[in-house]
Student: 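My questions all concern the structure below.
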Amino acid sequence: MTKQQEVEKWLKKISVAEKKYNDYYELIKETREFYKDNRGMSRRDGHYNIFWSTVETLKPFLYFKQPKPYIERGNKSANKAEKLACDILTKALEWDLQQFDFDSIIKYARNDFLISGCGIIWERYQPEFKQIPAAFVPDKSIEVKSSEKVISEYVNPEHFLADCDQVGIWEDVSWIARKIFMTKQEAIDIFGEAACINLVEANEKDYENKEVCIYEVWDKPSRKVYWLAKEKTDDFLKVAENPLRVSGFFPCPKPIFATLTNDSIIPVPDYCLIKELLSELNGINTRMRLTMQALKVSGAYDNSFPELASILNKDVTLVAAKDFQRLKDAGGLKGILDFVPIEQYITALEQLSARRQDVITQIYEVTGVSDIMRGSANSSETATAVTKKTNFGTLRNQDRQNDMQRFIKDLFAIKAEIICEQFSAQTLLAFLPAESRGTPEALAAVALLKDEKMRGMCLDIENDNVFNADEEAQKILEGIKSINELVGAALPNVSQQPLLLPLYKSMIEAVCAALPKARPFEAVIEKVFNDVAAELSKPEQPQPNQQLQIEQDKLAIEREKNQLKSRELDIKAKSEEAKLRLTEQEMRLQSGLKVQQLSDERKKQADKSEPVVIHEKEPLPVPSKKVDTNISTGLVKGF
């Protein structure tokens with residue numbers, strides 16, 4: 001098949017699909033005009049826009065706050081690299097959602113779903129490049145990737161197309177497309193002049209500002225993406241081979257649809273189901289407005305009493321009658337004045353008001369909006385009646401709320417796959433702390449994301465629901481109480497019989513799984529039971545003999561006593577040695593003092609008489625240790 005034949009084939013498919021979608025496109029315009037109340041503003045015919053009120057009531061019920069994605073291991077006993085891979089991908093998703101206003105994009109899709117019956121969001125990988133000087137080639141530069149992110153783009157349902165050829169459910173869709181409107185100059189800038197040769201006619205003036213519709217077609221069987229325009233039939237503007245490389249190929253999850261049957265993927269907006277009731281409600285309000293305009297006090301009076309003409313101009317009025325006696329004879333004011341009857345208007349208003357309430361009730365029954373969801377209730381209603389109304393509105397729309405959460409979860413899954421497939425290893429490592437980026441576990445985690453992507457991982461979202469906050473808090477309190485009771489019962493039983501540990505673990509995990517926000521509990525419970533199992537698996541230490549232990553304790557006490565006694569004797573011996581040293585030192589001092597005294601006496605005698613030869617005596621003997629001493633007086637006995 002030639003390029004031209006292939007292009008013609010796709011243009012024909014697009015034309016067939018557009019014919020089937022044309023009625024839906026017109027319906028989208030009608031619902032949006034009705035929601036904005038444009039016709040009511042122009043006609044001023046008593047338009048009562050309860051459709052707007054219903055949509056505004058359901059908006060926060062379906063989506064209120066941006067959820068937080070998180071990724072966990074499917075196998076809780078996985079290795080450290082797998083846990084690190086989950087952490088990297090979770091942080092990458094959180095970072096990516098901060099790069100644009102994801103909350104507003106989701107709200108655009110939610111509003112389209114409630115008003116037009118279909119909400120669509122497109123995921124797009126957006127790298128950014130910069131020029132850097134070439135290392136070995138002077139005066140030249142090379143283009144390198146400086147940053148990358150995954151953008152969520154809102155798609156108008158009027159610009160969406162899908163395969164309608166024998167397709168009844170979304171899973172059978174083989175191709176999808178969206179219309180992209182741009183100027184011809186923008187198309188030339190994006191696709192290049194060579195691809196847009198026939199897009200601009202010869203000698204065409206001011207083509208830069210002329211708009212052209214570009215079709216972006218994603219074909220699942222061929223795994224290719226085509227860009228083409230009806231103005232160019234000889235070739236595609238561009239062809240890409242599986243650019244995102246995600247498992248589902250399509251860049252968007254299954255849209256959130258309103259009413260669908262199994263024979264078509266073109267939805268029916270809620271507006272169509274209540275269109276007749278809305279029209280009747282507007283007619284009733286118009287009649288009530290006209291009736292109210294006709295409902296006024298009017299009548300006639302006797303012109304002989306002209307002063308009565310202004311009697312109704314004020315709230316309290318006293319009119320001076322010129323011929324009061326005649327007024328009395330005529331039967332008072334009743335005989336002079338006569339009013340147009342208004343009872344038929346009042347009756348008509350009562351009937352119209354009752355019918356209007358019936359129509360409003362029917363609209364709420366069709367849409368599933370209860371009084372409690374709208375913030376109104378009768379004070380005389382019992383608690384049971386209020387609960388039934390709340391459950392009525394909640395259960396009717398619970399399926400749609402679940403579908404909204406499924407849609408967001410699928411968006412995160414596509415975004416996570418694109419991150420694994422397209423982001424570089426350096427970008428993925430940057431989501432880890434600096435000290436752990438070069439570890440073998442970190443490198444193994446990045447390799448795991450590149451090779452296995454999300455295989456073995458579980459993606460989920462944490463979502464705050466303000467409508468049942470009290471109910472969730474009560475469930476959490478009851479769950480914590482049950483877990484506490486189970487733990488109290490498990491400790492003594494598991495201590496006696498460790499084989500019961502898996503049973504109690506399963507029971508506690510079952511209670512935890514029923515909690516609205518069980519994720520924080522699950523990780524702690526897993527760690528606690530792993531620690532308990534490790535503690536129970538340790539070999540039991542043998543218990544020593546009690547009598548032997550007593551004897552060993554006695555021996556230890558005796559040993560301690562002997563050590564103390566030995567220390568006491570050592571101290572006593574050291575004390576005696578110290579005393580002896582002091583005694584010896586004192587004896588030396590006494591001996592030296594005596595010698596000095598004798599020397600002094602000799603000198604005195606020599607000065608008085610002839611010098612006398614004195615024979616030096618032997619040195620005084622030092623007493624032995626057996627010499628009796630008197631430490632207190634310092635005198636040595638027998639000296």
Student: Give me the atom names and distance for the closest heavy-atom approach of Ala416 to Met454.
Tutor: CB-SD, 3.5 Å
Student: Look at atom CG of Asn262 and say whether more than 12 heavy atoms of other residues, nucleotides or ligands are closer to it than 6.0 Å.
Tutor: no
Student: Near Lys481 NZ, under 6.0 Å, is it more than 12 heavy atoms from other residues, nucleotides or ligands?
Tutor: no
Student: Quick one: do the Thr427 and Ser424 side chains pair a donor with an acceptor below 3.5 Å?
Tutor: yes
Student: How are the rings of Phe423 and Tyr125 set relative to one another: parallel (under 30°), tilted (30 to 60°) or perpendicular (over 60°)?
Tutor: tilted
Student: Run the salt-bridge test on Arg455 and Glu82 with the 4.0 Å N-O cut-off and return the result as yes or no.
Tutor: no
Student: Apply the side-chain contact (heavy atoms from CB on, under 4.5 Å) test between Gln126 and each candidate in Glu148, Gln99, Lys149; give the one that qualifies.
Tutor: Lys149
Student: Would you compute the distance between atom CG of Leu237 and atom CD1 of Ile214 and round it to the nearest 0.5 angstrom?
Tutor: 5.0 Å
Student: Please evaluate residues Gln405 and Gln401 with respect to the criterion side-chain contact (heavy atoms from CB on, under 4.5 Å), reporting the C-alpha separation (whole Å), side-chain torsions for both, the decisive distance (0.1 Å), and the verdict.
Tutor: CA-CA 6 Å; Gln405 294 179 0; Gln401 189 183 61; 4.3 Å; yes
Student: Let me see the working for Lys254 and Arg406 under side-chain contact (heavy atoms from CB on, under 4.5 Å), right down to the final yes or no.
Tutor: CA-CA 9 Å; Lys254 175 184 177 182; Arg406 185 273 312 164; 3.5 Å; yes
Student: Any Lys/Arg nitrogen of Arg223 or Glu241 sitting under 4.0 Å from an Asp/Glu carboxylate oxygen of the other?
Tutor: no
Student: For the residue pair Tyr154 and Asp112, confirm or rule out a side-chain donor-acceptor distance under 3.5 Å.
Tutor: yes
Student: Measure centre to centre between the rings of Phe431 and Trp95, then say whether the value is under 6.0 Å.
Tutor: yes
Student: Would you call Asp87 and Lys83 a salt bridge, taking side-chain N to carboxylate O under 4.0 Å as the test?
Tutor: yes
Student: Check this for me: does any side-chain nitrogen of one of Arg400 and Asp403 sit under 4.0 Å from a carboxylate oxygen of the other?
Tutor: no
Student: Both conditions, 6.0 Å and 45 degrees, for the charged tip of Lys220 above the ring of Phe250: are they met here?
Tutor: yes
Student: Nearest 0.5 Å please: distance from the CG atom of Leu93 over to the CG atom of Leu459.
Tutor: 6.5 Å
Student: If we count only N and O atoms by modelled type, under 3.5 Å, do the side chains of Thr183 and Glu211 hold a donor and an acceptor together?
Tutor: no
Student: Ring centroids only, cut at 6.0 angstrom: are Trp10 and Tyr226 within range, meaning strictly under it?
Tutor: yes
Student: Would Phe191 and Phe236 count as a side-chain contact (heavy atoms from CB on, under 4.5 Å) here? Give the steps.
Tutor: CA-CA 10 Å; Phe191 302 106; Phe236 295 104; over 6 Å; no
Student: List the steps and the verdict of side-chain contact (heavy atoms from CB on, under 4.5 Å) for Val217 and Trp175.
Tutor: CA-CA 7 Å; Val217 183; Trp175 63 270; 4.1 Å; yes
Student: Would you say the side chains of Asn111 and Tyr35 form a donor-acceptor pair under 3.5 Å?
Tutor: no
Student: List the atom of Leu449, the atom of Cys420, and the distance in Å for their closest heavy-atom pair.
Tutor: O-CB, 3.6 Å
Student: For the residue pair Val212 and Ala229, what are the closest heavy atoms and their distance?
Tutor: CG2-CB, 4.5 Å
Student: Mind running side chain to side chain donor-acceptor pair (under 3.5 Å) on Ser247 and Glu417 for me, showing each step along the way?
Tutor: CA-CA 8 Å; Ser247 57; Glu417 280 195 74; 2.9 Å; yes
Student: Looking at Phe102 versus Phe412, is the centre-to-centre ring distance below 6.0 Å?
Tutor: yes
Student: Roughly how far, to the nearest 0.5 Å, is CZ of Phe407 from OH of Tyr63?
Tutor: 11.0 Å
Student: Is any side-chain N of the basic residue among Asp96 and Lys415 closer than 4.0 Å to the acidic one's carboxylate O?
Tutor: yes
Student: Minimum heavy-atom separation for Asp270 to Ala258, with atom names?
Tutor: OD1-CB, 4.2 Å
Student: Among Asp101, Leu411, Leu62, which residue satisfies the side-chain contact (heavy atoms from CB on, under 4.5 Å) criterion with Ile106?
Tutor: Leu411
Student: Would you name the heavy atoms of Val167 and Ile169 that are closest together and state the gap between them?
Tutor: CG1-O, 3.4 Å
Student: Between Ser146 and Glu128, do the side chains contain an N or O donor and an N or O acceptor separated by less than 3.5 Å?
Tutor: no
Student: Taking the side chain as every heavy atom from C-beta outward, state whether Pro251 and Trp218 have any atom pair closer than 4.5 Å.
Tutor: yes
Student: Can you tell me how far apart NZ (Lys68) and CG (Asp460) are? Round to the nearest 0.5 Å.
Tutor: 14.5 Å
Student: Is it true that a side-chain atom of Thr439 and a backbone atom of Ser436 form a donor plus acceptor pair closer than 3.5 Å?
Tutor: yes
Student: Got a sec: does the NZ of Lys130 have more than 12 other heavy atoms crowding it under 6.0 Å?
Tutor: no
Student: Is it true that Glu56 and Lys59 make a salt bridge, defined as a side-chain N closer than 4.0 Å to a carboxylate O?
Tutor: yes
Student: Could you state the interatomic distance from CG (Leu448) to CG (Leu84), rounded to the nearest 0.5 Å?
Tutor: 10.0 Å
Student: Please find the pair of heavy atoms, one from Cys86 and one from Met457, that lie closest to each other, and give the distance.
Tutor: SG-CG, 4.0 Å
Student: Check each of Arg178, Glu18, His159 against Tyr215 using the side chain to side chain donor-acceptor pair (under 3.5 Å) test, and report the only one that passes.
Tutor: Glu18
Student: Are Glu8 and Gln5 linked by a side-chain donor-acceptor pair shorter than 3.5 Å?
Tutor: no
Student: Once rounded to the nearest 0.5 Å, what's the spacing between atom CD of Gln185 and atom CG of Asn209?
Tutor: 9.0 Å
Student: For atom CD of Gln166, decide whether the heavy atoms of other residues, nucleotides or ligands shown that lie under 6.0 angstrom number more than 12.
Tutor: no
